[in-house]
Amino acid sequence: VPFYYSEKKLPKVNYSQLLRAGIPAKDCPEDTVFVGKPKTLWEAYSWLIISVAILTLSIIVAFITYTVFLRRKTRMMAMRDMLLNNMPICYIGGKVGTDSSGKPVKVDFTSGNYEADKLLSDNMTGKNAASLFDMPMLLELLAQVFSTGKSVLFTHYFEKTGKYYDFLVCKAAGEDDVCFFGVDVTDKKEMDLELKETSRKLEMTLGVARIIPWIWDLESHTIACEQNLVMRQIQTDASATGDSGVHIISEEEYFKNVHPDDVDYLTRLYRELIEGQKRYIKCEYRVLSDGEGENAVDWMEVNASVLQT
């Protein structure tokens, strides 16, 4: 076998002997191969160091991301609370309890803004805020909200403070959560009541203005009414006017203007009133008139009672 002579020469030194001889390793040529030299920390654990570094970096990135998310969420919640507390309306958050069939059986108020706290504190007599509402009615409305998924509007009167509130009930983000938004409509309700009362009084006034008071004297068989309030359907002359500005007409003149189909009905009612079978009668009948040469039929309402016997 022929000998092989390598052209590249690499000095090889025993590292332990080098140390015993007191020769620094740095004095050796750069391409010296040290035999028995221990590995450095990087050479021995490089893969572990890299893995730990990657894991640590991932944890730091995740922590920073979570911190940023938490700060944003906290800021949004603070803005939400500030918005709710500064809203001029009442906000109440509730959790609905249901039975096995999913029907609402109770509701617990879990949160609210400043207006809600003030409203509940002014009207509560116990510890349960839900007792302020008509619970059967409220549960029925909640069942409608859950079944249809649509909001429901209702009006509630707080007797203790005399306040009317319109509440809008709708589902919240949670499966069993609901939101109540209330607006004070007391002024509107009171205005509506005043308008209704004014309308009622106006209607009564107009009704009284159309009333023709008259007195029927059963002995003289005459009917007397005020001069300016005589029925236009009854044609009277000057001789029918009394000295005190009262029109006096006969029974026959009065019944002559009643529609023939209503005469028996009206006569029977008057007879029952006169004989004491009734203390008061109220009826409607038709009267005939000749307006501008054409026959016309008007409806009259009569309220009568016995004045003196």
Side-chain angles (χ1 to χ4, degrees), residues 82-94 96 104 107 109 111-145 148 150-172 178-215 225-232 278-285 287 298-305 307:
M82 183 176 65
L83 177 63
L84 290 177
N85 286 324
N86 287 278
M87 284 195 308
I89 63 175
C90 169
Y91 164 77
I92 304 175
V96 179
V107 57
F109 295 146
S111 61
N113 62 352
Y114 172 77
E115 291 292 333
D117 293 340
K118 185 176 184 303
L119 175 65
L120 297 179
S121 61
D122 290 344
N123 290 277
M124 282 178 56
T125 54
K127 296 183 178 180
N128 187 10
S131 61
L132 292 174
F133 298 92
D134 183 1
M135 191 53 60
M137 181 272 295
L138 186 59
L139 293 177
E140 184 176 348
L141 293 177
L142 290 174
Q144 184 177 347
V145 171
T148 62
K150 298 181 180 179
S151 57
V152 174
L153 181 67
F154 71 96
T155 302
H156 183 73
Y157 174 70
F158 294 95
E159 185 176 359
K160 187 175 180 180
T161 55
K163 296 288 186 179
Y164 288 91
Y165 270 76
D166 278 350
F167 282 97
L168 179 70
V169 188
C170 59
K171 280 183 61 63
V178 291
C179 294
F180 294 80
F181 296 94
V183 179
D184 187 353
V185 293
T186 305
D187 294 339
K188 178 177 177 294
K189 286 292 183 181
E190 290 179 350
M191 185 178 298
D192 290 342
L193 292 176
E194 290 180 2
L195 288 175
K196 289 180 180 179
E197 181 65 17
T198 303
S199 299
R200 187 183 68 84
K201 291 180 179 179
L202 180 60
E203 184 178 352
M204 291 177 60
T205 303
L206 294 175
V208 171
R210 294 191 297 266
I211 291 177
I212 303 174
W214 51 274
I215 299 176
C225 63
E226 293 184 18
Q227 179 179 353
N228 296 326
L229 295 177
V230 65
M231 291 189 299
R232 64 179 179 84
K278 295 181 181 293
R279 298 182 59 186
Y280 173 84
I281 62 170
K282 179 179 180 181
C283 64
E284 294 180 353
Y285 62 92
V287 270
D298 295 325
W299 280 95
M300 301 290 293
E301 180 181 299
V302 171
N303 294 270
S305 63
L307 181 62

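Computed from a predicted structure; not experimentally measured.
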Notebook entry, point to check: With sequence neighbours excluded, what pairs up with Asp122 under the salt bridge (charged side-chain N to carboxylate O under 4.0 Å, His left out) test?
Noted result: Lys118
Notebook entry, point to check: Distance-only, no hydrogens or angles: does the Asp184 side chain make a donor-acceptor pair with backbone N or O of Asp166 under 3.5 Å?
Noted result: no
Note to self: What verdict does the side-chain contact (heavy atoms from CB on, under 4.5 Å) test give for Lys150 and Val145, after you've listed the backbone C-alpha separation in whole Å, the side-chain angles of each residue and the deciding distance to 0.1 Å?
What the structure shows: CA-CA 5 Å; Lys150 298 181 180 179; Val145 171; over 6 Å; no
Notebook entry, point to check: Measuring from Ile89:CD1 to Leu119:CG, what's the distance to the nearest 0.5 Å?
Noted result: 12.5 Å
Next item on the list: Indicate yes or no: does Asp192 engage Lys188 in a salt bridge with an N to O separation below 4.0 Å.
Entry: yes
Item checked: Close side-chain approach of Glu301 to Lys282, heavy-atom, < 4.5 Å -> yes
Margin query: To the nearest 0.5 Å, what is the distance between SG on Cys283 and CE on Met300?
Written below: 10.5 Å
Margin query: Looking at every heavy atom in both Cys90 and Glu115, which two are closest together, and how far apart are they?
Written below: CA-CB, 3.9 Å
Next item on the list: Enter the distance from Phe133:CZ to Leu141:CG here, rounded to the nearest 0.5 Å.
Entry: 11.0 Å
Next item on the list: Count the heavy atoms belonging to other residues, nucleotides or ligands that lie under 6.0 Å from CD1 of Ile215, then report whether that count exceeds 12.
Entry: no
Check: Can you say whether the rings of Phe181 and Tyr91 are parallel (under 30°), tilted (30 to 60°) or perpendicular (over 60°)?
Finding: tilted
Margin query: Please determine whether side-chain contact (heavy atoms from CB on, under 4.5 Å) holds for the pair Lys189 and Thr155, giving the CA-CA distance in whole Å, both sets of side-chain angles, and the decisive distance to 0.1 Å.
Written below: CA-CA 10 Å; Lys189 286 292 183 181; Thr155 302; 3.8 Å; yes
Next item on the list: Taking the side chain as every heavy atom from C-beta outward, state whether Phe180 and Leu168 have any pair of such atoms under 4.5 Å apart.
Entry: no
Next item on the list: Specify the closest pair of heavy atoms between Ser305 and Tyr280, including all atoms of both residues, with the distance to one decimal.
Entry: CB-CD1, 4.2 Å
Next item on the list: Would you please indicate if the ring centroids of Tyr157 and Tyr165 are separated by under 6.0 Å?
Entry: no
Margin query: Could you tell me if the side chain of Asp187 sits less than 4.5 Å from the side chain of Met191, heavy atoms only?
Written below: no
Notebook entry, point to check: What's the spacing between Leu120 CG and Leu132 CG if we round to 0.5 Å?
Noted result: 6.0 Å
Next item on the list: Name all residues meeting the salt bridge (charged side-chain N to carboxylate O under 4.0 Å, His left out) criterion together with Asp117; count only those two or more places apart in sequence or in a different chain, and write none if there are none.
Entry: none
Check: Can you name the closest pair of heavy atoms from Ile92 and Ala116 and give their distance?
Finding: CG1-CB, 3.6 Å
Check: Just wondering, do Val107 and Leu138 contact through their side chains at under 4.5 Å, heavy atoms?
Finding: yes
Margin query: Ring centres under 6.0 Å, that's the criterion: do His156 and Phe167 meet it?
Written below: no
Margin query: Determine whether the aromatic ring centres of residues Phe158 and Tyr164 are separated by less than 6.0 angstrom.
Written below: no
Notebook entry, point to check: Hey, is NZ on Lys163 packed in by over 12 heavy atoms from elsewhere, all under 6.0 Å?
Noted result: no
